[in-house]
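Values below: every heavy atom of this structure, side chains too, minus hydrogens, waters and symmetry copies. Please read all numbers here as calculations on a predicted model, not as lab measurements. Read the numbers this way: they start at 1 and go in the same order the structure lists the ligands and their atoms.
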Amino acid sequence: MDKNTLSITDNRTGAQYVVPIFTGTYPRYGAAINAQALRQIKVSEDDFGLMSYDPGFTNTACCKSAITFIDGDRGILRYRGFPIEELAGRCTFLETAFLILHGELPAPAQLQEWHRQIKSHALLHENTKKLMDGFHHDAHPMGMLVSTVAALSTFYPDAKNLHDPVARRLQTYRLVGKMPTIAAYAYRHSMGLPYVYPDEDLSYTGNFIRMMFKRTEVGYKPDPVFERALDVLFVLHADHEQNCSTNAMRSVGSSHADPYVALAAAAAALYGPLHGGANEQVLRMLHEIGSKDKVSDYIKRVKAKEVRLMGFGHRVYKNYDPRARIIKQVADEVFGVTGRNPLLDIALELERIALADDYFIKHKLYPNVDFYSGIIYQAMRFPVEMFPVLFAIPRTIGWLAQWDEMLKDPEQKIARPQQVYVGADCRKTAESAAV
Ligand code: CMC
């Protein structure tokens, strides 16, 4: 018998089935059976067939993907085969974004053209400003970002040409180009400051920093340490295979909705405190703890399950999050300019106590990417509300690459999960029962 198969005996009927097993690049990581193969397992002819039950899709592969590889047990993250450590050390965010989308690092001429396209699409239609002006002064910037990205759909009806690769590429340039502008406008709106137009002479992150923080200076220059630190943070956040927000992008995109509304859905998923909203929650938690001597008490509350230790734990990383290590180095460089953020001492103490504690060891809870990113962002003067927005900007390329891959994949269909119905059996209203 073919070794790459699974034999199943249905003890309800005694029937036996042989189901093929297929693997991806790594047989140890990513062996699967086709869930449809279970449907032949029936107790009678009119039986629907067996399904698998998997709330939260903890063990369900929804696609074959060649973009990002994660080995959670070994703390490995690679984009298109390149280790995250190498990309963060040697490549800019825009080079990494090109790689994620196209599968190869850009040649110099390709990189120049990629830069040109992204920068030339950084401007927003002037009506977008009016739309953003309508938000209340204390509107959360993530709510503004989600709504504004969805509204872009109305400006670009050509985005509905999903099956035209040229049109798809144009939407990618637009979204990657405009996300920092929308993000900065959302912040400036909350501050009552005039919007700053993009400057194409600056790098992707340099321009974003300028649009955020420029006041009345004529020749505003972003700090090069902040510019590079943000660039590294953007590389680390660019993609993370099939997480909650990427799943939202693919799921909404699978109905052939345009990429603006699909990306708005992905950003909405990212906003949640268990996903990209976690870095905001980490800062709030560190403030709530207040000082190093209160850390032990807080850990007790975590162990009593009164609160979660934000910035700890991950669905896939059960050893350590490789992004958290790189971020710690970036933190040192930023604090070299800003001085040490006092919250860092509380964070380090939390990490020290948690990593030695049985509860955290048993549950395999380690600091994730969000544990230190918020402390760096705060040192760079980004307000806490902007943290999930700072996650959404670089993740845009990941969402778009995954969306592009999905549309080109002939095996993909509109996302439509099954359910196991546990509600009432067929019944009648009082009136019809009386007839
Ligand atoms: N603090 C305390 N206990 C935790 C934590 C935590 N941060 N995370 C998980 N646990 C415990 C949980 O209580 C449960 O315990 P038990 O088995 O005794 O009931 C066990 O660990 C498994 O938890 P789970 O919620 O089933 O695990 P999950 O894989 O579904 O959740 C997670 C992953 C990231 C949602 C979760 O670890 C969490 O809520 N972390 C805090 C929020 C956070 O930092 N999120 C950012 C993730 S990284 C950025 C991104 O990619 O989105």
Numbered atoms and elements of ligand 1 in range of Gly311, under 4.0 angstrom, heavy atoms: 43 (C), 44 (O)
For His275, the ligand 1 atoms whose distance to one of its heavy atoms is below 4.0 Å: 46 (C), 50 (C), 52 (O)
Is there at least one protein heavy-atom neighbour under 4.0 Å from [atom]?
| atom | value |
| --- | --- |
| atom 30 (O) of ligand 1 | yes |
| atom 22 (C) of ligand 1 | no |
| atom 26 (O) of ligand 1 | no |

Who's the nearest protein heavy-atom neighbour of [atom], and how far?
| atom | answer |
| --- | --- |
| atom 39 (O) of ligand 1 | Arg308 NH1, 2.7 Å |
| atom 33 (C) of ligand 1 | Arg315 N, 3.7 Å |
| atom 41 (C) of ligand 1 | Phe312 O, 3.4 Å |
| atom 34 (C) of ligand 1 | Gly313 O, 3.7 Å |
| atom 42 (C) of ligand 1 | Met310 CE, 3.5 Å |
| atom 2 (C) of ligand 1 | Val302 CG1, 3.5 Å |
| atom 49 (C) of ligand 1 | Asp370 OD2, 3.3 Å |
| atom 51 (O) of ligand 1 | His314 NE2, 3.5 Å |

Distance-only donor-acceptor check, side chains Ser291 and Asp293, under 3.5 Å: yes
Donor-acceptor pair between Arg325 and Tyr320 side chains, under 3.5 angstrom: yes
Looking only at heavy atoms, is any part of [X] under 4.0 Å from ligand 1, and if so is it the side chain, the backbone, or both, or is it neither?
| X | result |
| --- | --- |
| Leu365 | side chain |
| His363 | side chain |
| Leu274 | both |
| Asn368 | side chain |

Heavy-atom closest pair, residues Tyr79 and Ala238: OH-N, 3.3 Å
How are the rings of [X] and [Y] set relative to one another: parallel (under 30°), tilted (30 to 60°) or perpendicular (over 60°)?
| X | Y | result |
| --- | --- | --- |
| His125 | Phe155 | tilted |
| His237 | Phe391 | perpendicular |
| Phe69 | Tyr26 | tilted |
| Tyr317 | His240 | tilted |
| Tyr204 | Phe234 | perpendicular |

May I ask you to say whether [X] pairs ionically with [Y], meaning some side-chain N is under 4.0 Å from a carboxylate O?
| X | Y | value |
| --- | --- | --- |
| Glu351 | Lys328 | yes |
| Arg284 | Glu385 | yes |
| Glu405 | Arg250 | yes |
| Arg78 | Asp71 | no |

Asp258 side chain vs Val261 backbone, donor-acceptor pair below 3.5 Å: yes
Should [X] be listed as contacting ligand 1, given a heavy-atom distance under 4.0 Å as the test?
| X | answer |
| --- | --- |
| Tyr359 | yes |
| Lys305 | yes |
| Asn243 | no |

Polar proximity ligand 1 side, Leu309 side, N/O cut 3.5 Å exclusive: yes
Polar proximity ligand 1 side, Ala278 side, N/O cut 3.5 Å exclusive: no
